[in-house]
Q: 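Handing you a structure now.
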Amino acid sequence: MTAGLPILRLGDILLGGLLSDLDDKTALAFTDELTARIADEEIRGVIIDISRLEILDSFVARVLMQLAETGRLLGARMIVAGMRPAVALTLTELGLQLPGVRTALNAEQAMELLGWRRPGPVAEEAPDAP
């Protein structure tokens, strides 16, 4: 974990989140760690949860774009999850795009896009017959 931003590994998927009080130094540290882990751990999918971001400045938007492009070039499918309407509007107003990046309403939907399924109910085992 770098600079207080957790990056969780779930099989060959990384899940990381950006916080609302993200500063430039933390954003760069997060980017460095995430891209290194994609390459070192043969990651096939990355979910960046931005649901805690209430606003997005141009620096963080560019970091997100670069991170998405770098991850894609390293062979990972990139999904940005939890984008708030105000953040989407800011990206549009800044003229920024996230080419090659899928979006999802939340992290659970992003996991499904990468092939993870919510497990069904566990069937009770029948008692052993005598």
Side-chain angles (χ1 to χ4, degrees):
M1 180 164 57
T2 296
L5 296 177
I7 300 174
L8 306 173
R9 181 176 177 160
L10 304 166
D12 57 359
I13 295 173
L14 293 179
L15 172 61
L18 300 180
L19 306 175
S20 61
D21 58 348
L22 186 67
D23 60 51
D24 297 359
K25 182 179 176 183
T26 304
L28 292 173
F30 179 79
T31 299
D32 290 345
E33 180 177 346
L34 193 60
T35 54
R37 289 186 64 184
I38 291 169
D40 295 343
E41 300 175 26
E42 299 180 11
I43 297 300
R44 73 171 179 91
V46 175
I47 300 168
I48 303 171
D49 184 354
I50 62 170
S51 61
R52 292 177 140 182
L53 285 180
E54 294 180 19
I55 58 170
L56 188 73
D57 65 23
S58 61
F59 174 77
V60 175
R62 280 193 299 277
V63 167
L64 189 59
M65 285 176 28
Q66 291 170 348
L67 178 59
E69 179 64 12
T70 302
R72 191 179 65 77
L73 289 172
L74 291 172
R77 289 183 58 200
M78 305 295 289
I79 299 178
V80 174
M83 187 179 302
R84 294 176 182 232
V87 171
L89 185 59
T90 301
L91 282 172
T92 302
E93 288 174 349
L94 293 172
L96 301 175
Q97 299 176 5
L98 299 174
V101 177
R102 299 223 28 204
T103 58
L105 292 176
N106 54 45
E108 184 176 341
Q109 185 184 65
M111 294 294 291
E112 289 177 6
L113 288 171
L114 291 171
W116 282 70
R117 300 283 182 249
R118 174 184 272 175
V122 177
E124 291 187 33
E125 291 185 26
D128 291 334

Q: Could you check if a side-chain atom of D12 sits within less than 4.5 angstrom of a side-chain atom of E42, using non-hydrogen atoms only?
A: no

Q: If only atom types and distance count, is the side chain of E33 paired as donor or acceptor with the main-chain N or O of A29 below 3.5 Å?
A: no

Q: How many angstroms lie between CD in E108 and CG in L113, if you round to the nearest 0.5 Å?
A: 11.0 Å

Q: With a 4.5 Å limit on heavy-atom distance, are the side chains of D49 and L18 in contact?
A: no

Q: Give a yes or no on whether L73 and M65 share a hydrophobic cluster (residues Ile, Leu, Val, Met, Phe, Trp, Tyr; joining criterion: side-chain heavy atoms under 4.5 Å apart).
A: no

Q: Do M83 and V80 touch side chain to side chain, with heavy atoms closer than 4.5 Å?
A: yes

Q: I need the single residue from I48, L8, I38 that forms a side-chain contact (heavy atoms from CB on, under 4.5 Å) with L14. Which is it?
A: I38

Q: Any heavy-atom pair between the side chains of L67 and T35 that's under 4.5 Å?
A: yes

Q: If we only count heavy atoms from C-beta on, is the L89 to L91 side-chain gap below 4.5 Å?
A: no

Q: Roughly how far, to the nearest 0.5 Å, is CD1 of I43 from CZ of R9?
A: 4.0 Å

Q: What closest approach, in Å, do I13 and R44 show between heavy atoms, and which atom pair accounts for it?
A: CD1-NH2, 4.0 Å

Q: With a 4.5 Å limit on heavy-atom distance, are the side chains of T31 and Q66 in contact?
A: no

Q: Grab the two heavy atoms, one from A81 and one from I47, that are nearest each other, plus how far apart they are.
A: CB-CG2, 4.0 Å

Q: Let's go through T90 and I55 carefully: what are the C-alpha distance in whole Å and the side-chain angles of both, what is the deciding distance for side-chain contact (heavy atoms from CB on, under 4.5 Å) to 0.1 Å, and is it a yes or a no?
A: CA-CA 8 Å; T90 301; I55 58 170; 6.0 Å; no

Q: Side chain of R77, backbone of R102: donor and acceptor closer than 3.5 Å?
A: no

Q: To check you understand the geometry: which heavy-atom pair defines the closest contact between L114 and V46, and what is its length?
A: CD1-N, 4.3 Å

Q: With the side chain counted from C-beta on, respond yes when L34 and I7 share a heavy-atom pair under 4.5 Å apart, and no when they do not.
A: yes

Q: Can you name the closest pair of heavy atoms from A110 and A104 and give their distance?
A: N-CB, 3.7 Å

